[in-house]
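No experiment lies behind these values; they were computed from the predicted model shown. Counting starts at 1 for both ligands and their atoms, in listed order. Count residues from 1 along the sequence.
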Amino acid sequence: MTHKAGFVNIIGNPNVGKSTLMNAFIGEKLSIITSKAQTTRHRILGIVNGDDFQVILSDTPGIIKPAYELQASMMDFVKTAFEDADILIYMIEIGEKELKDEAFFNKITNAKIPVLLLINKIDQSNQEQLEEQVQFWTQKMPNAEMYPISALENFNVREVFDRIVELLPVSPAFYPKDQLTDKPERFFVNEAIREKILIHYKKEIPYSVEVETEEFFEDEDIIRIRSVIMVERDSQKGIIIGHKGSALKKVGTEARKDLEKFFGKKIHIELYVKINKNWRTNERQLKRFGYNNK
Ligand SMILES: Nc1nc2c(ncn2[C@@H]2O[C@H](COP(=O)(O)OP(=O)(O)OP(=O)(O)O)[C@@H](O)[C@H]2O)c(=O)[nH]1
Ligand SMILES: [Mg+2]
């Protein structure tokens, strides 16, 4: 039996549905999803195994022009996703007419590997609009195979996955067949908390936050977690905590519920808030949080 395996890297503008697609392929909530741009900050591997194949998917941050160090590191993750891909998935959402970054766009159109162009969120569209989009992108990206999909409603997701398996190079597996991701358990705790912060706080707050899990202690029937939410300024600390701690409590409760599903165990979670001045622009801090992959 020939075995196929390879790296399938998902890239595109912020908020188009990259993480939603990754989770749909995996069948698990590996990547956090919110309606805000720049939800994903890392490159996250999700591995789908079959008897004769291994698809190693990468979810990546949406492409932006970096304004500060954190964003520059996020774009470095996107760059690495170009370098090791066997297949590129370029995702756009219905109505989208351009990639914000010309250099990335040229890389995709000149790619020597198969490119799948996915037009996502077609549940929000009609036949006429879709046909117009297909025409537009056929001209703009003639090297790509195009698929209209809805990652949210699982429309055409299976078909795209089957095509990926077809296109995979013949290769032994890169990871053990029972491995789902490259990230440690604590990473998913941090992300679950960060997702709730993205959902419940406004403006600059979610973008000023980083989460670090200091304790992850797994007992037979319960996991005990202590995590710290880091903010950049004093004033942000009060906002995160809220009146008599109510806002922080909500974050903890909701994150706990998600994590109980994810780990299949009861969770006890303790959150506290700390100021870490200007961590987003501090090389050392970024490295500590796993951003500086150079
Ligand atoms: N209607 C509709 N909404 C979708 C679909 N796919 C994703 N969304 C929504 O689009 C928003 C962004 O989804 P994400 O998966 O977080 O997008 P992303 O590309 O990973 O975003 P970043 O990580 O910020 O770059 C969320 O509110 C999703 O629920 C879809 O097929 N249809
Ligand atoms: Mg994402």
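- Put simply, OG on Ser150 and CG on Leu118 are 11.5 Å apart, with the number rounded to the nearest 0.5 Å.
- The Mg ion (ligand 2) has Ser19 OG, Thr40 OG1 as its protein N, O or S neighbours under 2.8 Å.
- In this structure, Glu260 does not pair ionically with Lys257, as no charged nitrogen and carboxylate oxygen lie closer than 4.0 Å.
- Taking the charged nitrogens against the carboxylate oxygens, Lys237 and Asp234 have no contact shorter than 4.0 Å, which rules out a salt bridge.
- The residues Glu132 and Lys97 are annotated as salt-bridged, a charged nitrogen and a carboxylate oxygen being separated by less than 4.0 angstrom.
- Around ligand 1 you find Pro14, Asn15, Val16, Gly17, Lys18, Ser19, Thr20, Ile33, Thr34, Ser35, Lys36, Ala37, Gln38, Thr39, Thr40, Gly62, Asn120, Lys121, Asp123, Gln124, Ser150, Ala151, Leu152, each with a heavy-atom distance below 4.0 Å.
- A search for ring-ring contact (aromatic ring centres under 6.0 Å, His included) contacts involving Phe25 returns Phe161, not counting sequence neighbours.
- Counting heavy atoms from C-beta outward, Phe104 and Tyr90 have side chains that stay 4.5 Å or more apart.
- Residue pairs meeting the salt bridge (charged side-chain N to carboxylate O under 4.0 Å, His left out) criterion with at least one partner in residues 29-48, sequence neighbours excluded, are Lys29-Glu195, Lys29-Asp258, Arg41-Glu210, Arg43-Asp84.
- For the pair Glu191 and Lys183, the salt-bridge criterion is not met [side-chain N within less than 4.0 Å of a carboxylate O].
- Comment: Glu218 engages Lys265 in a salt bridge, judged by a side-chain N to carboxylate O separation of less than 4.0 angstrom.
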